[in-house]
There are 4 protein chains.
Amino acid sequence: MSKKEAILNAATELFARKGYNGTAASEIAVQAKVAQGTVFHHFKSKENLLVSICDELVKDYVSGIEKAAEGPGTGWEALERILRFNQEFKRNRYDSIAVAFRETGDLSKATGEIHDHFFVLVNQIIDVMSSCIEKGIADGSIRQVPVQLTAYLVHVLLVGMIHVETEGLLEMPELDDELLEFCRRSLTT
Amino acid sequence: MSKKEAILNAATELFARKGYNGTAASEIAVQAKVAQGTVFHHFKSKENLLVSICDELVKDYVSGIEKAAEGPGTGWEALERILRFNQEFKRNRYDSIAVAFRETGDLSKATGEIHDHFFVLVNQIIDVMSSCIEKGIADGSIRQVPVQLTAYLVHVLLVGMIHVETEGLLEMPELDDELLEFCRRSLTT
Amino acid sequence: MSKKEAILNAATELFARKGYNGTAASEIAVQAKVAQGTVFHHFKSKENLLVSICDELVKDYVSGIEKAAEGPGTGWEALERILRFNQEFKRNRYDSIAVAFRETGDLSKATGEIHDHFFVLVNQIIDVMSSCIEKGIADGSIRQVPVQLTAYLVHVLLVGMIHVETEGLLEMPELDDELLEFCRRSLTT
Amino acid sequence: MSKKEAILNAATELFARKGYNGTAASEIAVQAKVAQGTVFHHFKSKENLLVSICDELVKDYVSGIEKAAEGPGTGWEALERILRFNQEFKRNRYDSIAVAFRETGDLSKATGEIHDHFFVLVNQIIDVMSSCIEKGIADGSIRQVPVQLTAYLVHVLLVGMIHVETEGLLEMPELDDELLEFCRRSLTT
DNA sequence: GATGAATGAGTTTTCATTCAT
DNA sequence: TATGAATGAAAACTCATTCAT
């Protein structure tokens, strides 16, 4: 593992555990076993580190969700695959997601850069979901619901799941299957 | 308006706009038109200010939601009133809610105090919703769904709404009515 | 002496001795016997400290030179008083002058603010000298020389004196009287 | 152009424009289109770079001034050639001169090395001018003035010119010819 | 000769908090 | 109750310099 990667991993873990503002650049250096200066040699600022973390996450998420949508079967099945992918992604990339979710607010104030990334991302998600729903309505697997509004609602549900889990205020029972049922009842014919 | 109230209002507005970490105690003093020392005369620390903001919010929310649940009619109607109250509350207390949502993570790390407040709050919400759902199943207005899991899911949906709105990454269409429909289709008989 | 004054004095002396860049804010605090934070409580930045030093100097210089010009007698006598004032000022305010001279370059890059101060100052000096020369030509005490160019040249001579002394590269003999003679021979009838 | 020359040129230009302290070694590398390490491969330190710039300048200046003094004619004519050479040199080597002038103070604090260079240089200049004045007094082209003090004064005038021009606080009219007249009136018989 | 990753000391600045008035 | 000067710990960032390749 290169020093750059070590720094990125250390930052991801520390940001997830202690928050962006709660993590000093020096701590990242210690955890990554490099000198302080090395952090700033590879990332031009602490914020740039955060941007890098989010950047990678966004890329992987979008490509994953698009792949999920492209599969065979009805519109509902595609939407179901998206929901499943989301749940899996959440498990595999917990720290990065927690960071991206929690610090998004600060980021959007500081740099337009990352805000734009997320803006693009979210709109892409809505688009992908919308086409699944549209397809589902066409093939009869999904009821006659307002396409875009419903896409937003499903997105909101996913966002809520991540928020509740990453804020950790609540010991949540396992909701993944029930979430699918909840949507299925509401959406399928 | 007493100086204490002025400080609380100033803090709420600034925390909402610039984040807790992005707001200096001195800025709060300026905005509230008091001296720096006065802030710490009324609130023993900056964090205490945040706790106060959240505290008040929590009290009002819980009492509001309980009142909504107590009304007449079927379980579903009670649940619907809760959802409506939530939407109204979100509009009336936007800044405080944004603060509480965004800074909840930092708080839970810093002090147990506020974390406990929220923990109690959320469990209360879940309980109230659970009883509505239970009642609804009993009176036939709600399908045979797992009571607690469903309560969690509705909560998650509400949390998602607030997150999406307060983070402001997305220009959302008005979803309030469709959210109700989404739940109605999924839950009612 | 207030802490603010102590800081200003300490900074003047240290800047004169070690240069602006060679002086750490912490050293100023030590020398002024205050805490680091106190420096930034009274001056919003290290550069603002420099600006304050120069500001005061400029004010005193301009008022002194104007008073010198206003006195009675011929134009040459007024010019002579200006030269004498300059020499005296140089002795009384050595440190501040050294600072202002040496750091003027850095300042003019950083802030327009102080650059403008100096710009105004220098033009005022030229104006005052010009009127003395004009008066001298009119009253026959000064030869028929180009008014403004000569004012510039006298200024250049004064600037050269300060530069040579404050840079301290050279052990200069006492030149004050000879400088007056040099100008007298060149300018008087 | 060798890489070493490229580095020296880049440094001269950047130091002149942004000051010694305001110029990072890495910037010099970028401007010279070499790697960071290469700068330190050719010059053992950043300060050594500055010393090199000044060194070359000093050599050229001294040799030029000596050549000017050696020519034929009266002592005043020799002094006039020195003044003219100074004006020409100032035009041809503007950046290096600006650097040497502005950074001389810092240098004299840091290393004795460069301070000594300049000390030798300035004394050489004084000596050369002194002999011109002496010669002029002997051949009747220059008045009976104190030899060394006058040499210093002429030097001070030249220094003032450079200071005023390189600090750039003032939009100066062309003073070269008038400076000669000023001296001529003061010094010649 | 040439490179650029790595270093860590040093700097300015911020800010919550205290306390004498 | 109200003030604001004073504090000092902590933080992000810079940069000359080294060294293995």
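Taken to the nearest 0.5 Å, the OH atom of D:Tyr20 stands 5.5 Å off from the CG atom of D:Leu50. In this structure, CD1 on A:Ile97 lies 11.0 Å from SG on A:Cys54, to the nearest 0.5 angstrom.
Each of C:Phe40 and A:Lys33 was assigned the nucleotide of DNA chain E with the nearest heavy atom; the assignment lying further toward the 5' end belongs to A:Lys33. Along DNA chain F, the nucleotide nearest A:Ala24 and the nucleotide nearest C:His42 are compared for position; the residue whose nucleotide lies closer to the 5' end is C:His42. Along DNA chain F, the nucleotide nearest D:Gly37 and the nucleotide nearest A:Gly37 are compared for position; the residue whose nucleotide lies closer to the 5' end is A:Gly37.
Computed from coordinates, the A:Leu14 CG to F:dA11 P distance equals 13 Å when rounded to whole Å. In this entry the distance linking NZ of B:Lys4 with C1' of F:dT1 reads 13 Å, nearest Å. Between the CZ atom of A:Phe43 and the C1' atom of F:dA12 there is a distance of 16 Å, rounded to whole Å.
For B:Gln36, counting side-chain heavy atoms from C-beta on, the closest listed nucleotide (F:dG4, F:dA12, F:dG8) is F:dG4. Closest to the C:His41 side chain, of the nucleotides F:dT7, F:dC13, F:dA16, is F:dT7.
Side-chain atoms of B:Lys33 never come within 3.5 Å of backbone atoms of B:Ala6 as a donor-acceptor pair (strictly under, hydrogens ignored). Between the side chain of C:Ser45 and the main chain of C:Asn48, a donor-acceptor pair closer than 3.5 Å is present.
For C:Lys3, a side-chain nitrogen or oxygen approaches OP1 or OP2 of F:dT7 to under 4.0 Å. One finds a side-chain N or O of C:Thr38 lying less than 4.0 angstrom from the OP1 or OP2 phosphate oxygen of F:dT7.
Backbone-only contact: B:Val34 has heavy atoms under 4.0 Å from sugar-phosphate atoms and none from a base. Within 4.0 Å (heavy atoms only), D:Ser2 reaches no atom of the nucleic acid at all.
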Donor-acceptor contacts, no H, no angles, side chain residues 7-16 of chain B, under 3.5 Å, sequence neighbours left out:
| unit_1 | atom_1 | unit_2 | atom_2 | d |
| --- | --- | --- | --- | --- |
| B:Thr12 | OG1 | B:Leu8 | O | 2.7 |
| B:Glu13 | OE1 | B:Gln31 | NE2 | 2.4 |
| B:Glu13 | OE2 | B:Arg17 | NH1 | 2.4 |

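Bounding nucleotides for the chain A contact on DNA chain E, 5' to 3', at a heavy-atom distance below 4.0 Å, are E:dA5 to E:dG8.
Across the strands present, E:dT21 finds its partner in F:dA2; the criterion is a Watson-Crick or G-U wobble pair with both atom distances under 3.5 angstrom. Across every strand in view, E:dT14 sits in a pair with F:dA9 that passes the Watson-Crick or G-U test at under 3.5 angstrom.
Using a 4.5 Å heavy-atom threshold, the side chains of D:Val99 and D:Leu57 count as separate.
Scored by the side-chain contact (heavy atoms from CB on, under 4.5 Å) test, B:Lys4 finds B:Ser2, B:His42, B:Phe43 as partners (sequence neighbours excluded).
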